[in-house]
Structures are given as C-alpha cells and as structure tokens.
Number of protein chains: 2
Amino acid sequence: MVPPVRGLTIADAASTLGLSVDTLRYYERDGLLLRAVPRSASGHRRFGPDDLRWIDLVTKLRSTGMPIRDVRRYAELVRAGDGNESERLGLLHAHRRLVLDQLAAVQENLAAIDKKIGIYEDRLLDPERTPGRSVEA
Amino acid sequence: MVPPVRGLTIADAASTLGLSVDTLRYYERDGLLLRAVPRSASGHRRFGPDDLRWIDLVTKLRSTGMPIRDVRRYAELVRAGDGNESERLGLLHAHRRLVLDQLAAVQENLAAIDKKIGIYEDRLLDPERTPGRSVEA
DNA sequence: GCTTGATCTGGAGCATGCTCCAGGTGTGAC
DNA sequence: GTCACACCTGGAGCATGCTCCAGATCAAGC
C-alpha cells in the first residue's frame, strides 16, 4: 500500500492563506518558499503544515511591505541552514525599522488628513460662518 | 514694467516637496493638481504657495496609500468648487478608514515578526539550550 | 555671444507584483 | 466511460506609478 500524499491542494492552501493559486505558484517559482512544494503522484501540489506556516510568515512580511527580493533572500538564508542566524536577524531588524518608520510617517500624514476632515465637517455643520478658507481646500 | 512671474522653479518646488521634477510634471499631466501650473513668459513652470500647499496635501494622501485615481477624483471635486463638500468628505473618510485598517493590519503582522526576532535573539544568546525549533524558522 | 545647465514636450520604458491564458493532463461523481 | 472541473507549465499581459529620453528652447555667468 502506497503512503498517501498528504496536504492541502493548491486551491485549499490558497483559500486558507488568503492568496490566489496564481500567487502561490508564483511564490514557488520565484524562490520565496523553503522547498519545492511536494507533489502527489500525478504532479499536483500538496501543501503541508510547514509549507503553510512558512507562507503565512511570507504574507506577513509581504503585507508589511517587504519586497519580494528580500523575502527571497530571507528564504535563501533559512534554506542554507544553521549558521547564518545573525544575518537573518539583521534582515528582520532592518525590516522592522523600516516598518516602524513608515508607520510613524503614515500616522503623521493621517493626522494632517484628519485635520482636513475636521475642517470640512465644521464647514458642513455651520456653512454660514465659514472662516477664511485656503484656496486649495 | 511687466509684473514679474513669481514662484518656485520646478527644481526648487521638487526639492521643497521631496519629489522629483518628473513626478511634478506627471502629477500635472495626470490631473492631480488644481490648475495648470502658472508659467513664466518663456513657458517655464512657476509654482506658487497655493500650488505647493496643494501638492503637499497630495503627497500626504499618496504616502498614506491613496491611489492616483482617487487623488485625481478629489482634485476634480475641489476644482468643481463649492457644493460638493460632503462628497469630498466622504472620499476622505473612506480613505481614513482604509488607512486605519491597514495600520492595524501592519501592526499585527509586525508583532508576529517581532516574535520571530525574539526567537532568533534568544537562540543567538544561548545557542546550546535551543528548544524544539520549528522546521520553517 | 557662448557655453553650461535647466526646462520644455510627447512619448517610450521600467520596476514591482501579480494575473491570465493556452494547451494539456488529472480527478471524482455518476 | 463521460462530464465538469481542478491542476499543470511556460510564457504573455497588465495595473500602478513613476522615470527616462530625444530634440528643442531658455537662462545666466563670463
């Protein structure tokens, strides 16, 4: 009796992860995964728990703005095995810094936009008493 | 005596705003500005304070992730003049919601990445006592 | 006046990150 | 077996947002 190939089909993996099947295949082709995804006898991908966990991390990195190229670099380091932990750490730290900076910048800019929203709300609530409004408002 | 055309050259405007001259020309072409930028007698752009203030707002919208198309829509509303304030407000509110959602998502994902960073730091500090580490680390 | 460098226009090109397609094979219900 | 549908590969296409280029004109120091 042949051991059955376990794991999710690409469609199931995609819906579990919130990605498209095309994106999953693209990630594999582009070297973002730790290994070639295992296949069934007929050549269909079967995503195991480890694959799903890794891809979940990849989506976290991606959705915080890490470029594909850096995710690939990180995957390469992990694939290379023990001994480069400090390099992995450096990569993650650098990313963390970038994300924090971007968060701060977005929050600052959002504050300015909120101010603009406040101006419109005041104007709509009290259309008469419109103070000197800037030309670009 | 001809009144001199005032305002910053495109290079000065670009460096003031932190954009490239190409981007400024692109924004004008693409309808993101409130008006055609005034020109000197010879046809060179001269950015006035109002232009700069507006473009500064545009950069805040852009850097919080508003697509070009929506910025253009907003500019169209402002250009159309009084009477559509609630539509402008709706656009800004919708954007604000999106930004807040994205901020929350990024913060959540960053927390997961921070956890990973913590794992690497522990491992580097105490390489002996390495607990069962996940295969995808 | 000459030269160097800025600016102009219209349009092409490019980096990123998917997304879609054709043509073919596999799968599962009936 | 048949039908509908999922999956495969290699490669093309696309949306976004700039960025660059050619060829011409303008500006300013000497």
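Labels below follow one simple rule: chain letters A, B, ... track the order of the sequence lines, proteins then strands, and each chain is numbered from 1.
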Query - Selected nucleotide, minimal atom distance to A:R39 side chain, candidates D:dC18, D:dT9, D:dC7 - result: D:dT9

Report task. With the side chain of A:S40 defined as its heavy atoms from C-beta on, choose the nearest nucleotide among C:dT27, C:dT19, C:dT7. Result -> C:dT27

Requested in this report: Measure from CE on B:M66 to P on D:dT16 and round the result to the nearest Å.
Outcome: 15 Å

Requested in this report: Can you tell me the distance, in whole Å, between the CD atom of B:E28 and the C1' atom of C:dC8?
Outcome: 11 Å

Query raised in the report: Which residues satisfy the salt bridge (charged side-chain N to carboxylate O under 4.0 Å, His left out) test with A:E121, sequence neighbours excluded?
Result: none

**Report entry** Upstream residue (5' side of DNA chain C) when A:Y27 and B:S42 are each assigned their closest nucleotide
**Finding:** B:S42

Query raised in the report: Taking only residues two or more places apart in sequence or in another chain, which ones pass side chain to side chain donor-acceptor pair (under 3.5 Å) with A:R96?
Result: B:D114

Query raised in the report: Looking at the rings of A:W54 and A:F47, which for Trp means the six-membered one, are their centres under 6.0 Å apart?
Result: no

Requested in this report: Specify the separation, in whole Å, of atom NE2 of B:H44 and atom C1' of D:dA24.
Outcome: 11 Å

Query raised in the report: With respect to the phosphate group of D:dT9, does any side-chain polar atom (N or O) of A:R45 fall under 4.0 Å of OP1 or OP2?
Result: yes

Query - Side chain of A:Y26 (C-beta onward), nearest among C:dC8, D:dG17, C:dC18 - result: C:dC18

Report task. Can you tell me the distance, in whole Å, between the CZ atom of A:R62 and the P atom of C:dT16? Result -> 11 Å

Query raised in the report: Looking at residues at least two apart in the chain, or sitting in another chain, which of them share a side chain to side chain donor-acceptor pair (under 3.5 Å) with B:R79?
Result: none

Nucleotide N/O of nucleotides 20-22 of chain C paired with protein N/O under 3.5 Å:
residue: C:dC20; atom: N4; partner: A:D22; partner atom: OD1; Å: 3.4

Query raised in the report: If you find the nucleotide of DNA chain D closest to B:R69 and the one closest to B:T23, which residue's nucleotide is nearer the 5' end?
Result: B:R69

Query raised in the report: Tell me: CG of B:D70 to C1' of D:dT16, nearest whole Å?
Result: 13 Å

Query - Heavy-atom closest pair, residues A:D56 and A:T59 - result: O-OG1, 2.6 Å

**Report entry** Whole-Å gap separating P (D:dT19) and CG (B:L24)
**Finding:** 11 Å

Acceptor/donor pairs from residues 99-112 of chain B side chains to any protein atom, 3.5 angstrom cut, sequence neighbours excluded:
residue: B:D101; atom: OD1; partner: B:R97; partner atom: NH2; Å: 3.1
residue: B:N109; atom: ND2; partner: A:S63; partner atom: OG; Å: 2.5
residue: B:N109; atom: ND2; partner: B:A105; partner atom: O; Å: 3.3

Report summary line: Heavy-atom nearest nucleotide on DNA chain D taken for B:P67 and for B:G43; more 5' hit belongs to B:P67

Query raised in the report: To the nearest angstrom, how far is B:L32 atom CG from D:dT16 atom C1'?
Result: 13 Å

Report task. Would you mind reading off the distance between A:R46 atom CZ and C:dG26 atom P, rounded to a whole angstrom? Result -> 13 Å

Requested in this report: Taking side chain to side chain donor-acceptor pair (under 3.5 Å) as the test, write out the residues that go with A:T64, two or more places apart.
Outcome: A:H95

